[in-house]
Amino acid sequence: MKQTKSIHYKFTQHETFLDDIINNYESKGEDFGNQKRNSLKLFKLEGKRLNVKSFKIPNMVNQIAYGFLRRSKAQRSFEYAQKLQSLDIGTPQPVAYYQFSKSFLFKKSYYISEHQDYDLTYRELTHDFNYPDYDAILRAFTRFTYKMHIKGIKFLDHSPGNTLIKKSENGYDFYLVDLNRMEFKQMGFEERIKNFDRLTIHKSMVEIMSDEYAKVSGEDYETIVRLMWQFTEEFQAKHHKKQRMKKRLKFWKK
């Protein structure tokens, strides 16, 4: 198969090691996390840990699209991570991406990054309202999201499991993961508020985030909380409708 790869300049001296990881991915490494569609493994390199995400082979339509028209998920993840770092937005250090094609059809792809230690994800905040320093973390997360917005970053997968949170001397640091769906552009007010719609089903959290977003943006709190809750409810309605349709399809296939 034809191989395409790109390695971050900090890791070019480890190219042989990285090649070996990819070529022997199935037999080496430590399984990590709960990946429904893809797989994730940990590898050790000179005292560091590397995350290697293996993306499943796409359907035939996307094999053609990724082969000729679109960048792969692995390539986008690598390039978007570099873009985020250039904009001073936290994400695990990108290391490399690899992708393979056969007979002009796209096949496997892999994204490698340094493993980022963290204390929690946003998801914990949606389950444990008594988490230590809860209000401060949620407000800091809101300021982090506002920082993304003013820098022209629209994270399309801004959902509970995709922000790692680590306590630091200055408060809390945030790191984005699962980067392959992003847009870099200036957003209007409503588009920015809609970017919160996947994060929670709890109105109390929406109220806190709206209050903090109003403080840092100078926009009206009542307008923000009304829109943020409206977009949240609309997303939940679409999500539940999609889940019902999936269940019906499974039933019909039996």
Side-chain angles (χ1 to χ4, degrees), residues 1-12 15 18-19 21-23 25-26 32-41 50-87 89-114 116 145 148-149 151-164 175-188 191-192 194-195 197-199 235 238-239 242 245-246 249:
M1 283 196 290
K2 180 183 177 182
Q3 173 184 277
T4 303
K5 65 182 177 182
S6 181
I7 299 174
H8 192 282
Y9 72 90
K10 293 181 180 179
F11 295 88
T12 52
E15 183 172 0
L18 298 175
D19 288 348
I21 284 178
I22 300 305
N23 293 329
Y25 179 83
E26 298 301 329
F32 178 75
N34 180 22
Q35 298 286 318
K36 293 181 180 180
R37 290 175 295 179
N38 309 301
S39 69
L40 189 65
K41 286 190 174 186
L50 302 183
N51 275 335
V52 183
K53 187 169 187 177
S54 170
F55 294 94
K56 73 173 186 177
I57 298 175
N59 61 41
M60 184 59 69
V61 172
N62 282 332
Q63 286 184 47
I64 297 170
Y66 290 146
F68 295 96
L69 303 173
R70 299 176 60 198
R71 291 171 296 165
S72 70
K73 291 181 179 181
Q75 182 178 354
R76 280 179 279 150
S77 297
F78 180 75
E79 293 176 353
Y80 290 168
Q82 293 179 307
K83 177 73 171 178
L84 291 175
Q85 288 187 330
S86 73
L87 294 171
I89 296 295
T91 192
Q93 172 65 47
V95 174
Y97 79 87
Y98 287 69
Q99 55 192 39
F100 298 86
S101 59
K102 184 178 181 180
S103 301
F104 302 105
L105 293 177
F106 185 88
K107 297 299 180 182
K108 290 287 292 184
S109 62
Y110 303 84
Y111 172 55
I112 308 175
S113 61
E114 282 192 32
Q116 175 64 53
T145 300
M148 284 198 299
H149 290 166
K151 288 178 177 286
I153 302 165
K154 185 178 182 181
F155 187 23
L156 298 176
D157 283 326
H158 201 31
S159 54
N162 289 343
T163 301
L164 311 181
Y175 303 87
L176 301 183
V177 295
D178 285 347
L179 306 180
N180 66 86
R181 297 199 327 120
M182 309 192 84
E183 293 178 356
F184 295 90
K185 64 177 187 177
Q186 294 302 314
M187 292 174 281
E191 190 173 6
R192 286 186 278 121
K194 192 176 188 307
N195 197 216
D197 65 354
R198 294 169 173 248
L199 289 165
F235 173 79
K238 289 179 182 178
H239 173 72
K242 186 177 179 180
M245 291 180 65
K246 284 183 177 180
L249 287 172

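Scope of the values below: all heavy atoms of this structure, side chains included, with no hydrogens, waters or symmetry mates.
- For the pair Lys41 and Tyr25, the distance from NZ or CZ to the six-membered ring centre is under 6.0 Å and the angle to the ring normal is within 45 degrees.
- Side-chain contact between Glu114 and Asn51 is absent, with no heavy-atom pair separated by less than 4.5 Å.
- Within the 4.5 Å cutoff, side-chain heavy atoms of Phe184 are placed close to those of Leu87.
- Rounding to the nearest 0.5 Å places CD of Gln93 at 5.5 Å from CZ of Phe11.
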Show me the donor-acceptor pairs within less than 3.5 Å that the side chains of residues 152-164 make with the rest of the protein, sequence neighbours left out.
unit_1: Lys154; atom_1: NZ; unit_2: Glu191; atom_2: OE2; d: 2.8
unit_1: Asp157; atom_1: OD1; unit_2: Arg181; atom_2: NE; d: 3.3
unit_1: Asp157; atom_1: OD1; unit_2: Arg181; atom_2: NH2; d: 3.1
unit_1: Asp157; atom_1: OD2; unit_2: Arg181; atom_2: NE; d: 3.3
unit_1: His158; atom_1: NE2; unit_2: Thr145; atom_2: OG1; d: 3.1
unit_1: Ser159; atom_1: OG; unit_2: Asp157; atom_2: O; d: 3.3
unit_1: Ser159; atom_1: OG; unit_2: Asn162; atom_2: ND2; d: 3.1
unit_1: Asn162; atom_1: ND2; unit_2: Asp157; atom_2: O; d: 2.9

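- To the nearest 0.5 Å, atom CD of residue Gln75 and atom OG1 of residue Thr4 are 8.5 Å apart.
- With contacts defined as side-chain heavy-atom distances shorter than 4.5 Å, the pair Leu40/Lys53 qualifies.
- Inter-residue side-chain proximity for Ile112 and Ile7 is flagged as unmet; no heavy-atom pair is nearer than 4.5 Å.
- Qualifying side-chain hydrogen bond (donor to acceptor under 3.5 Å, both in side chains) partners for Gln116, counting only residues two or more places apart in sequence or in other chains: none.
- A heavy-atom distance below 4.5 Å is found between the side chains of Leu176 and Met182.
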Does the pair Ser72 and Phe106 meet the rule for a side chain to side chain contact (heavy atoms under 4.5 Å, CB included), with working shown?
CA-CA 9 Å; Ser72 70; Phe106 185 88; 3.4 Å; yes
For the pair Arg198 and His239, evaluate side chain to side chain contact (heavy atoms under 4.5 Å, CB included) and give the outcome as yes or no after the intermediate values.
CA-CA 10 Å; Arg198 294 169 173 248; His239 173 72; over 6 Å; no
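- Note: Leu50 CG to Ser113 OG = 8.0 Å, rounded to the nearest 0.5 Å.
- One finds the OG atom of Ser6 at 5.0 Å from the OH atom of Tyr97 (value rounded to the nearest 0.5 Å).
- With sequence neighbours excluded, no residue satisfies side-chain hydrogen bond (donor to acceptor under 3.5 Å, both in side chains) with Gln186.
- With a 4.5 Å cut-off on side-chain heavy atoms, Ile64 and Leu105 count as touching.
- Ser109 and Tyr66 share no donor-acceptor pair across their side chains, judged by distance under 3.5 Å alone.
- Note that Lys102 lies outside the cation-pi zone of Phe100, set by a 6.0 Å cut-off to the ring centre and a 45° limit from the axis.
- Here the closest non-hydrogen pair linking Tyr98 and Lys5 is CE2-CD, 3.5 Å.
- Between the CE atom in Met187 and the CG atom in Asn195 there is a gap of 6.0 Å [rounded to 0.5 Å].
- When all heavy atoms are compared, the tightest approach of Gln82 to His8 is NE2-CD2, 3.6 Å.
- Between Asn180 and Ser77, the closest side-chain pair of non-hydrogen atoms falls below 4.5 Å.
- Between the OG atom in Ser39 and the OH atom in Tyr110 there is a gap of 7.5 Å [rounded to 0.5 Å].
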Quick one: do Asn62 and Arg70 satisfy side chain to side chain contact (heavy atoms under 4.5 Å, CB included)? Show the steps, please.
CA-CA 9 Å; Asn62 282 332; Arg70 299 176 60 198; 4.0 Å; yes
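- Side-chain contact between Pro58 and Lys73 is absent, with no heavy-atom pair separated by less than 4.5 Å.
- Considering all non-hydrogen atoms of both residues, Phe55 and Tyr111 come closest at CE1-CB, 4.0 Å.
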